[in-house]
Number of protein chains: 2
Amino acid sequence: MRRSSHSLVKPTSPYNNPPTTSQTHGKACLPRDGTITRKAIMDAAQGLILETGFSAASVDAVIARAGITKGAFFYHFKSKAELALALVQRDAEADTAHLQSVLDRAEALSRDPLQQLLICIGLYEEETAKLTAPYPGCLYASFIYESQLFDDATMQVVREVFSHWTARIGAKLEAAMAMYPPRLPVNVTTLAEMSLALAEGAFILSKVQRDPAALAAQWRHYRNYLELLLAPQLPSVAGVKRDKLDAPVAAK
Amino acid sequence: MRRSSHSLVKPTSPYNNPPTTSQTHGKACLPRDGTITRKAIMDAAQGLILETGFSAASVDAVIARAGITKGAFFYHFKSKAELALALVQRDAEADTAHLQSVLDRAEALSRDPLQQLLICIGLYEEETAKLTAPYPGCLYASFIYESQLFDDATMQVVREVFSHWTARIGAKLEAAMAMYPPRLPVNVTTLAEMSLALAEGAFILSKVQRDPAALAAQWRHYRNYLELLLAPQLPSVAGVKRDKLDAPVAAK
DNA sequence: TTATTTATACCGACTAGTCTGTAAGTTTCT
DNA sequence: AGAAACTTACAGACTAGTCGGTATAAATAA
């Protein structure tokens with residue numbers, strides 16, 4: 001028996017372990033790194049799931065696409081359900097971090113909460129405009145339409161991403177509306193949720209039309225709506241074109 | 001262990017399934033009517049598909065819910081794929097007819113194309129506000145997220161419903177915009193598609209939140225947007241309430 | 001230096017059960 | 001009698017998951 005660190009379960013794996021794999025002792029010998037295989041499995045699975053749904057994305061199909069074997073799959077995930085959870089967690093973390101960075105950028109670009117919001121939406125519009133090839137999709141939506149297949153923990157992750165998104169956007173909206181009274185009475189929560197609904201709906205449109213352009217177009221409409229609803233002086237009337245990303249900033 | 005006709009467990013009499021059973025007794029006993037079974041199969045399948053997706057809605061599960069047997073299933077549908085096509089066609093016909101009737105009503109209520117559009121949306125808002133029990137869903141969206149499982153003919157039906165919807169709404173929008181120049185430059189097609197995107201997105205929200213209220217809320221926002229964009233005189237500014245059809249919802 | 005141990009990472013055949021679809025027979029109405 | 005509307009039983013493919021075994025590399029011992 002080992003003496004130090006009488007670890008029962010986690011003998012501190014030698015050669016992989018994520019934290020900083022950058023540490024190269026002379027030779028980048030790519031030590032047997034399970035994280036590569038793990039990521040290959042997750043990427044293959046995510047792609048398949050968005051094409052066929054979770055049920056039809058069989059373990060056999062996943063390992064074929066990932067170019068590994070069944071043993072490797074079940075070494076990394078003790079069940080297919082665990083893969084589902086890992087996938088949705090990975091997306092949730094990425095999306096949450098991404099929203100944070102977009103909000104940070106928007107806050108650096110303007111001090112006005114309405115402008116921050118509009119910039120934020122503009123940034124999403126910009127990014128989605130670049131999307132191309134494989135008509136994108138949203139794992140959350142895919143899971144939601146097969147929700148009975150997943151355990152509570154998995155669906156809870158989805159619910160949390162959604163409510164976190166709504167809360168962040170809602171808070172900004174709240175600040176903007178405190179400064180610029182809306183021209184129509186609106187519910188802040190559903191107005192924040194509208195961004196989610198449009199994004200999800202646009203994913204569906206883009207899949208039907210095999211054209212990711214719908215995403216940017218719907219973000220643009222959301223931005224229009226917020227501007228018409230809140231901007232202190234409306235953009236110039238019909239025909240005159242507005243320029244991107246900055247709207248009339250009236251001094252209160 | 002073969003048992004003859006007097007099975008006790010699941011005789012599940014044929015042509016049973018009294019959905020509403022107008023037919024009661026005496027003479028008019030609908031002669032073995034396959035359409036009842038056929039509908040039972042389709043209803044059971046649709047419900048299951050919205051809960052678990054098409055793949056996981058196995059024939060065994062469908063027949064169990066419908067209360068019939070496997071032979072009956074394959075008597076009515078020569079394959080599971082044919083069931084998928086039949087389902088999506090049924091929904092497409094129903095939705096197209098429903099849109100037609102809503103447009104008819106709206107056109108009877110106003111001669112102004114903008115008002116017709118707003119009424120139309122208001123009617124959808126009204127109807128969805130009543131929804132309750134099983135968090136609704138859209139078969140098209142479900143299929144789209146498993147699209148690789150279906151043949152072209154099936155997905156083509158979905159594409160056609162979508163483009164038909166967009167065309168009908170788009171035409172009304174076109175007429176409204178010819179009369180009332182929009183306050184911001186917008187693309188008519190994507191503006192029409194926005195109604196679809198919002199509806200699909202709201203279905204997803206309602207499933208996540210287990211609350212169908214999202215549907216009506218998003219229709220309302222769509223109506224707001226069109227009004228702000230096109231209405232010749234904006235509804236009174238902030239604070240003053242607008243009439244009819246709504247209770248001004250308190251924030252949050 | 002070299003040999004041994006140990007843990008990770010992976011392989012692929014195998015199992016028990018589920019899947020869609022078929023075949024052949026039974027019941028019920030005309 | 002004949003057709004429509006079923007039923008039960010079964011076939012073969014595919015499913016998630018298991019299990020014994022192997023390759024590699026680091027840690028340790030010689």
Side-chain angles (χ1 to χ4, degrees), chain A residues 1-5 7-18 21 23-41 45 48 52-64 66-84 149, chain B residues 1-17 23 27-41 45 48 52-64 66-84 149:
Chain A
M1 285 289 187
R2 307 149 116 346
R3 29 152 223 87
S4 69
S5 83
S7 64
L8 7 152
V9 216
K10 290 250 160 97
T12 62
S13 71
Y15 19 48
N16 63 351
N17 258 350
T21 59
Q23 150 245 326
T24 60
H25 35 288
K27 175 186 165 193
C29 59
L30 250 206
R32 284 168 69 84
D33 186 351
T35 65
I36 291 173
T37 300
R38 188 181 166 91
K39 181 171 186 303
I41 294 171
L48 272 169
T52 67
F54 183 75
S55 285
S58 70
V59 175
D60 281 340
V62 169
I63 65 177
I68 48 104
T69 61
K70 203 162 250 191
F73 180 95
F74 285 101
Y75 174 78
H76 287 283
F77 302 97
K78 78 175 206 290
S79 71
K80 202 186 162 191
E82 199 179 271
L83 168 66
L149 304 179
Chain B
M1 68 201 300
R2 155 73 169 235
R3 191 185 310 131
S4 184
S5 59
H6 45 288
S7 69
L8 39 148
V9 182
K10 282 228 171 164
T12 61
S13 76
Y15 44 125
N16 60 350
N17 290 341
Q23 149 264 339
K27 169 95 219 98
C29 90
L30 290 182
R32 284 171 76 85
D33 187 352
T35 65
I36 292 174
T37 300
R38 188 180 166 92
K39 181 171 186 306
I41 294 171
L48 272 168
T52 66
F54 183 76
S55 285
S58 69
V59 174
D60 281 341
V62 169
I63 65 177
I68 48 104
T69 60
K70 195 164 277 189
F73 179 96
F74 285 101
Y75 174 77
H76 286 283
F77 302 96
K78 77 174 206 291
S79 70
K80 202 187 164 192
E82 200 180 272
L83 168 66
L149 303 179

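All chains are named by letter (A, B, ...) in the order of the sequence lines, taking the proteins before the strands, and each is independently numbered beginning at 1. All values below were derived from every heavy atom in this structure, side-chain atoms included, with hydrogens, water molecules and symmetry-related copies excluded.
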- Are any of B:His76's side-chain N or O atoms less than 4.0 Å away from OP1 or OP2 of D:dA4? no
- Task: To the nearest Å, give me how far apart NZ (A:Lys78) and P (D:dT18) are.
- Result: 10 Å
- Per the side-chain contact (heavy atoms from CB on, under 4.5 Å) rule, which among A:Val59, A:Ile63, A:Leu83 passes with A:Phe74? A:Val59
- Spacing of B:Arg38 atom CZ relative to D:dA4 atom C1', expressed in whole Å: 15 Å
- Message: Between A:Ala61 and A:Phe74, which residue's closest nucleotide on DNA chain D lies nearer the 5′ terminus?
- Response: A:Ala61
- Message: Could you measure the distance from the CD1 atom of A:Ile41 to the NE2 atom of A:His76? Nearest 0.5 Å is fine.
- Response: 5.0 Å
- Nearest-neighbour nucleotide for the A:Ile68 side chain, D:dG17, D:dT8, C:dC11 considered: C:dC11
- Task: Send over the distance from A:Phe77 CZ to C:dC10 C1', rounded to a whole Å.
- Result: 14 Å
- A:Lys80 NZ to C:dT18 P, in whole Å, measures 15 Å
- Message: Should the side chain of A:Lys70 and the base of D:dA16 be counted as holding a donor-acceptor pair, with the cut-off at 3.5 Å?
- Response: yes
- Would you find a donor on one side and an acceptor on the other, under 3.5 Å apart, between the side chain of A:Lys80 and the backbone of A:Ala57? yes
- Quick one: is D:dC14 close enough that its OP1 or OP2 comes under 4.0 Å of any side-chain N or O from A:Ser58? no
- Separation of atom CG in A:Leu83 from atom C1' in D:dA16, rounded to whole Å: 12 Å
- Message: Show, in sequence, the C-alpha distance, side-chain angles and deciding distance for A:Thr35 and A:Asp33, and conclude whether the side chain to side chain donor-acceptor pair (under 3.5 Å) test is met.
- Response: CA-CA 5 Å; A:Thr35 65; A:Asp33 186 351; 2.7 Å; yes
- Note on the structure: Rounded to whole Å, OH of A:Tyr75 lies from C1' of D:dT24 at a distance of 12 Å
- Atom CG of A:Asp60 and atom OG1 of A:Thr69: how far apart are they, to the nearest 0.5 Å? 11.0 Å
- Task: Take atom CG of B:Leu149 and atom C1' of C:dT20, then tell me their distance rounded to the nearest Å.
- Result: 14 Å
- Rounded to the nearest Å, what distance is computed from the CG atom of residue B:Asp60 to the C1' atom of nucleotide C:dT18? 8 Å
- Query: Choosing from C:dG21, D:dT7, C:dC10, which nucleotide comes nearest the side chain of B:Ala72?
  - Reply: D:dT7
- Side-chain contact check for A:Thr69: nearest option of C:dC11, D:dT18, C:dT20 is C:dC11
